[in-house]
Amino acid sequence: MQWPGFLIYLCVVVLWAILFSRSFWLNSIWAWSAGIAYIFYDTVLMLIVVWQTLPFREQPAKRPLENAKRPSLGIIIAAHNEAKNLPTTLAAIFQQSDSPEQILIVDDGSTDSTCENLARVYNLSIPPIGQISEPGASAPTMRLLRLAHTGKATALNTALSRIDTDIVITLDADTFLAADAISEIREAFASDDQLVAACGVLVPLCNPDAAGHVMQWFQTYEYVRNIIARFAWMRMNSLLLISGAFAGFRRSALVAVGGFDPNCLVEDYELTHRMHRYAVDHGLAWQLKVIGTAIARTEAPSTVGAFLRQRRRWFGGFLQTQYWNRDMIGNHRYGALGKYMLPIKAVDTFQPIYGLTGFALLMLFVFTGNSAIAIPVIGIVTAKIAIDFVVYLWTVHLYRRLTGGRVIVSIWSAAFAAIFEPFSFQLLRHAGAAWGWIGVIRGDHTWGTSTVALPSR
């Protein structure tokens with residue numbers, strides 16, 4: 001059943017064309033209809049998240065795990081030229097309050113000193129390509145697997161076949177765990193036999209220069225909002241993003257669905273769709289959750305150029321995944337995911353276009369001196385910022401409770417972000433998404449070792 005998704009896409013495109021054309025022959029606030037539609041849709045989504053998080057309560061008290069219920073846990077780190085970050089990542093792992101039973105470093109064809117550093121610091125032998133080392137004397141739980149450079153998804157899949165723990169954590173080489181992160185992930189899986197995938201809370205880290213500070217400020221509150229939104233959709237069993245930078249999986253479930261897809265630009269996002277599909281197809285009560293008390297810090301883009309490239313890839317992968325799973329959109333067989341979440345994601349494919357159109361038209365009205373339109377539009381935008389301000393405060397409050405105070409976020413800083421973001425960072429996000437659209441339309445735009453072509457499924 002693919003017609004509901006097609007109908008949604010068609011309606012959104014036709015609506016945009018109609019609303020955009022109105023700007024050329026109306027001389028009232030309705031000339032900015034594209035912007036009004038964008039603000040209305042974004043506000044409705046925010047209110048859905050607020051509504052879904054109203055019943056939020058304090059985290060339940062922790063109970064020590066019984067040995068009989070304690071699942072084994074391993075960590076897989078796919079590393080390509082990570083000589084700089086990997087030592088810090090491993091140091092954080094070795095400082096955990098709950099140590100993993102296995103650590104597997106997958107060197108994905110590095111050309112720097114990644115392998116040499118591991119060999120020197122942890123007394124590991126460097127194996128030939130395609131083989132795995134024996135544990136080193138100073139790190140008996142850690143091994144090194146060397147591969148030719150084939151990409152992150154293939155590296156993870158290969159490692160998955162070489163590790164045999166009940167739970168597998170995928171960790172980026174530039175992601176640094178809080179001291180109790182592994183304990184929180186293990187306890188979550190031990191407490192819920194139906195839990196198959198769980199994401200922790202990622203806190204962005206940028207360079208300590210002026211540009212880095214600004215980018216970190218905006219991305220911090222973007223990450224805060226995203227975590228709360230994931231928590232809201234989790235309550236409807238419609239969680240679609242388990243960030244592979246720090247994620248826990250029940251290994252048996254990960255193997256059952258076929259692991260990570262090397263043909264997708266965002267293998268973690270695509271994976272969750274297959275997990276939902278597999279659960280419905282096989283009548284399983286699988287759960288995907290946010291573990292708010294499992295914290296990690298991860299490197300994030302520190303410059304505008306790096307940020308745009310990241311969002312271009314993310315949005316290209318988002319479009320890929322939407323296309324591959326178009327039969328699930330509006331399909332009641334998949335519950336709230338099919339009825340609500342995926343139709344919303346279908347609309348989201350065009351949200352950046354609406355946002356950029358609204359901003360461009362506002363600038364046109366302002367610079368041409370068309371005050372009859374510009375002044376009411378500015379009033380609407382101001383009201384929207386006021387709503388965003390209130391929602392930001394609620395979001396930060398929930399985030400503090402969800403993380404158990406493990407991450408310090410400032411309400412005042414969040415307030416400033418709410419005011420300035422619509423005219424800066426939000427436009428950057430939309431620009432990166434539009435760039436992703438261009439790549440998809442061209443069909444031949446390369447993204448490192450991947451492409452944005454949309455193979456049929």
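When a residue number appears, it is its place in the shown sequence, counting from 1. From a predicted model like this one, the values you see are computed outputs, not experimental measurements.
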- To the nearest 0.5 Å, atom CD of E82 lies from atom CD1 of I77 at 9.5 Å
- Task: Indicate the ring-plane relationship of F20 and F24, choosing parallel, tilted or perpendicular according to the 30° and 60° boundaries.
- Result: perpendicular
- Message: I'd like to know if R186 pairs up with D98 as an ion pair, taking the criterion as any Lys NZ or Arg NE/NH1/NH2 lying under 4.0 Å from an Asp or Glu carboxylate oxygen.
- Response: yes
- Once the angle between the rings of Y269 and H273 is folded into 0 to 90°, is it parallel (under 30°), tilted (30 to 60°) or perpendicular (over 60°)? perpendicular
- Message: Which residue in the set F315, W435, Y38 passes ring pair (Phe, Tyr, Trp, His ring centres under 6.0 Å) when paired with H430?
- Response: Y38
- Rounded to the nearest 0.5 Å, how far apart are CH2 of W32 and CZ of R22? 13.5 Å
- Task: Might you point out which heavy atoms bring T321 and C264 nearest each other, and give the distance in Å?
- Result: OG1-SG, 3.6 Å
- Indicate yes or no: at least one non-hydrogen side-chain atom of Q219 is less than 4.5 angstrom from one of P301. yes
- Message: Quick one: does any side-chain atom of T403 pair with a main-chain N or O of T293 as donor and acceptor, under 3.5 Å?
- Response: no
- Inspect the contact between R333 and D281 and indicate whether a charged nitrogen and a carboxylate oxygen are less than 4.0 angstrom apart. yes
- Message: Rounded to the nearest 0.5 Å, what separates atom CD1 in I185 from atom CG in L177?
- Response: 9.0 Å
- Which is it for L361 and T357 under the side chain to side chain contact (heavy atoms under 4.5 Å, CB included) test, yes or no, and what are the steps along the way? CA-CA 6 Å; L361 290 175; T357 300; 4.0 Å; yes
- Message: Check D42 with K384, please: is the shortest side-chain N to carboxylate O separation under 4.0 Å?
- Response: yes
- Query: Does the gap between the ring centers of F425 and F420 come in under 6.0 Å?
  - Reply: no
- Query: Going by an N to O cut-off under 4.0 Å, is there a salt bridge joining D388 and R225?
  - Reply: no
Using residues 282-292 as the side-chain source, report each donor-acceptor pair under 3.5 Å to any protein atom, sequence neighbours left out, with the distance given to one decimal.
{"residue": "H282", "atom": "ND1", "partner": "Y278", "partner atom": "O", "Å": "3.0"}
{"residue": "K289", "atom": "NZ", "partner": "D192", "partner atom": "OD2", "Å": "2.8"}

- Note on the structure: Residues I227 and G200: closest non-hydrogen pair is CD1-O, 3.9 Å
- Message: Quick check: do Y223 and V203 have side-chain heavy atoms less than 4.5 Å from each other?
- Response: no
- Looking only at heavy atoms, what is the nearest atom pair of L337 and M328, with distance? CD2-CE, 3.8 Å
- Task: Without swapping roles, check the side chain of W217 against the backbone of S413 for a donor-acceptor pair under 3.5 Å.
- Result: yes
- Query: Does the distance from a Lys or Arg side-chain N to an Asp or Glu carboxylate O, for R406 and D180, drop under 4.0 Å?
  - Reply: yes
- Item | Sidechain-backbone polar pair: Q216 side chain, C206 backbone, donor-acceptor under 3.5 Å | yes
- Item | Least distance between heavy atoms, W437 atom then T349 atom | NE1-O, 2.7 Å
- Message: Other residues, nucleotides and ligands only: do more than 12 of their heavy atoms fall within 6.0 Å of CZ on R429?
- Response: yes
- Look at the side chain of S302 and the backbone N and O of N207, then say whether any donor-acceptor pair between them is shorter than 3.5 Å. yes
- So CG of D268 and OG of S243: to nearest 0.5 Å the spacing works out to 5.5 Å
- Message: Within the supplied structure, the quantity of interest is the number of heavy atoms (other residues, nucleotides, ligands) at a distance under 6.0 Å from F40 CZ; does it exceed 12?
- Response: no
- CG on L86 to OG1 on T114, rounded to 0.5 Å: 6.5 Å
- Item | Over 12 non-hydrogen atoms of neighbours within 6.0 angstrom of OH in Y340 | no
- Decide side-chain hydrogen bond (donor to acceptor under 3.5 Å, both in side chains) for Y41 and D348; before the verdict, give the C-alpha distance in whole Å, the side-chain angles of both, and the deciding distance to 0.1 Å. CA-CA 10 Å; Y41 176 73; D348 281 351; 2.6 Å; yes
- In Å, rounded to the nearest 0.5 Å, how long is the span from CZ of F176 to CD1 of I93? 10.5 Å
- Query: Can you check whether L428's main-chain N or O pairs, donor with acceptor, with R311's side chain at less than 3.5 Å?
  - Reply: no
- Item | V12 backbone acceptor or donor facing Y354 side chain under 3.5 Å | yes
- Quick one: closest heavy-atom pair of F249 and L271, and the distance? CE2-CD2, 3.5 Å
- Item | Closest non-hydrogen atom pair between T175 and A296, with its separation | CG2-CB, 3.7 Å
- Are the side chain of D108 and the backbone of T150 linked by a donor-acceptor contact shorter than 3.5 Å? yes
- Query: Does G259 offer a backbone N or O that forms a donor-acceptor pair with the side chain of R274 under 3.5 Å?
  - Reply: yes
- Item | Donor-acceptor contact below 3.5 Å, side chain N157 vs main chain F260 | yes
